[in-house]
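A short worksheet on the structure shown next.
Note on naming: letters A, B, ... go to the chains in the order of the sequence lines (proteins, then strands), and numbering restarts at 1 for each one. Here the structure is a predicted model, which is why all the values come from computation and not from measurement.
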Protein chains: 2
Amino acid sequence: MNAYPDFAYVAGLIGDPTRAAMLDSLLDGRALPASELAYLARVSPQTASAHLAKLVEGKLLAVETHGRHRYYRLAGAHVAQVLEALTTLAPPVQVRSLRQSDRLKEVRHARTCYDHLAGQLGVELTRTFVTRGFLREADREYRITEVGKRWFSDFGIDVEAIRQKRRSLARPCLDWSERRHHLAGALGAALASRLFELGWIVRVPSSRAVRITEKGREHLAHQLGIETAGRLT
Amino acid sequence: MNAYPDFAYVAGLIGDPTRAAMLDSLLDGRALPASELAYLARVSPQTASAHLAKLVEGKLLAVETHGRHRYYRLAGAHVAQVLEALTTLAPPVQVRSLRQSDRLKEVRHARTCYDHLAGQLGVELTRTFVTRGFLREADREYRITEVGKRWFSDFGIDVEAIRQKRRSLARPCLDWSERRHHLAGALGAALASRLFELGWIVRVPSSRAVRITEKGREHLAHQLGIETAGRLT
DNA sequence: TGAATGATTCGGTTATGATCGAAGTATGAA
DNA sequence: TTCATACTTCGATCATAACCGAATCATTCA
């Protein structure tokens, strides 16, 4: 009857709470061993193993064997994008505690999405790049302008070098908290790691949230006109 | 622990084969009564009722009561978009029969996606509008240029009139078969219904596929330079 | 070679939730 | 009223798949 691919299969894979917890743990782009994923999802190694096999079978995860360890990671940025898109449909969390509310604010403010930045910070950076003429929006991707190439180069990102890579250079990714696009792709990834490298942002332990350092706050304001103080709303 | 919305819940709703069949039946934007959905998903009315309640509870469907009938439809175009995005991750169907292969070609060639057009035709139309300067891509939406407004007006679509509507005017929607964006939003919907009205396209019975008529083929070629013959690949 | 560790396979148990029969509610028509 | 239709609620059944204990495989290290 149905002549086109079936979304029920993929949704079913994602829909199991345990598998969802695993996918969630991998959303930041890391590769984790099976035991770690079992621990994070609070199930036994056997159970985890079965789930991971299904996720690999369904092409949502990729696996890499290193000695007796098996490292699992998302099959690609496209998987992270679909998960973020799904989150868009999810009912907003009802806040129970002050602590939980704080964590939600953190994660809305700035977080990693696979290997790039999302949240207010991610969206704001992207918006600034477009209004300053560094990026131009095209179908399914951002084009990097000459001005942009110079700016990124000065910032310590060699656009030509990362252009070599197979993956797409600069693509938009839908942000579930801001409901706007932020920069993904190789350039998005490079930008995020450069910001970590410069110490403008640091990871919040055991969370996808990212904190902007004092140094980062100053530089973002001076160099890009992005005000980040008091934006934690 | 998790401070952000959970995609497992939504994915779980979509992941059940029966519910997925119902969502699929509604992907063209129609509103169908519960009994019809039960028939299409091959379950009893009681079972269907339970599933529909869950889908409404999860804000994936909206329900409208007319007398003793209850009409269910997708809660909005955003739901259709997420379903299309999910389909992007789904494994390609393995073709068993010539008949199935033909249906797949049909649906790849041209189909409705909620209330607008998708497939090769949808993507090609959108591409043409952009290259001819009728639309310009911006963040999360297409901007309609002055030239575009005139062209759509000549084509029988009053852009100012549909701009009044609440829903977004012209937004991109990811196409699972072409893996590019096509035009969604109020303008996308208006375009589709105008093409039906003009008799350039007709629906294929019991399918989301759309067939381009001889008349449509000629006009698309002359007025927009879109060659549709022999593109059924 | 043997012991220890990481991970998977197998088999049996259990719980969740999809399913439908039967009964109940609401609307419309005679 | 009474009957028919559209749909939902309740209750019971049943199947699927998540889960873990035990055993197995594979790698590393002593």
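- Counting to the nearest Å, the C1' atom of C/dA7 and the OH atom of A/Tyr39 are 19 Å from each other.
- Of the candidates D/dC7, C/dG6, D/dC20, C/dG6 carries the atom nearest the A/His69 side chain, counting heavy atoms from C-beta on.
- The side-chain contact (heavy atoms from CB on, under 4.5 Å) test applied to A/Glu64 returns A/His66, A/Arg73, not counting sequence neighbours.
- Residue A/His51 places at least one side-chain N or O closer than 4.0 Å to OP1 or OP2 of D/dC19.
- At whole-Å resolution of the value, CG in A/Leu52 and P in C/dG6 are 16 Å apart.
- Picking from C/dA18, D/dC19, C/dT8 the nucleotide with the shortest atom distance to the side chain of A/Ser49 gives C/dT8.
- For the pair A/Glu160 and A/Arg163, the salt-bridge criterion is met [side-chain N within less than 4.0 Å of a carboxylate O].
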I'd like a list of close polar pairs between nucleotides 26-28 of chain C and the protein, N/O only, cut-off under 3.5 Å.
unit_1	atom_1	unit_2	atom_2	d
C/dT27	O2	B/Arg68	NH1	3.4

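- Residue B/Ser35 is in sugar-phosphate contact alone, with no base atom involved, counting any heavy-atom pair closer than 4.0 Å across all strands shown.
- Within the nucleic acid shown, A/Tyr71 has no heavy atom closer than 4.0 Å to any nucleic acid atom.
- The interatomic distance linking A/Leu37 (CG) with D/dC19 (C1') rounds to 17 Å, in whole Å.
- A/Glu36 has its CD atom 17 Å from the P atom of C/dT5, to the nearest Å.
- Comparing atom distances between the A/Val43 side chain and each of D/dT8, D/dC19, C/dA18 picks out D/dC19 as nearest.
- For B/Pro33 and A/Gln46, each mapped to the nucleotide of DNA chain D holding its nearest heavy atom, the one lying further toward the 5' end belongs to B/Pro33.
- Comparing C/dA18, D/dA18, D/dC7 by their nearest atom to the side chain of A/Lys54 picks out D/dA18.
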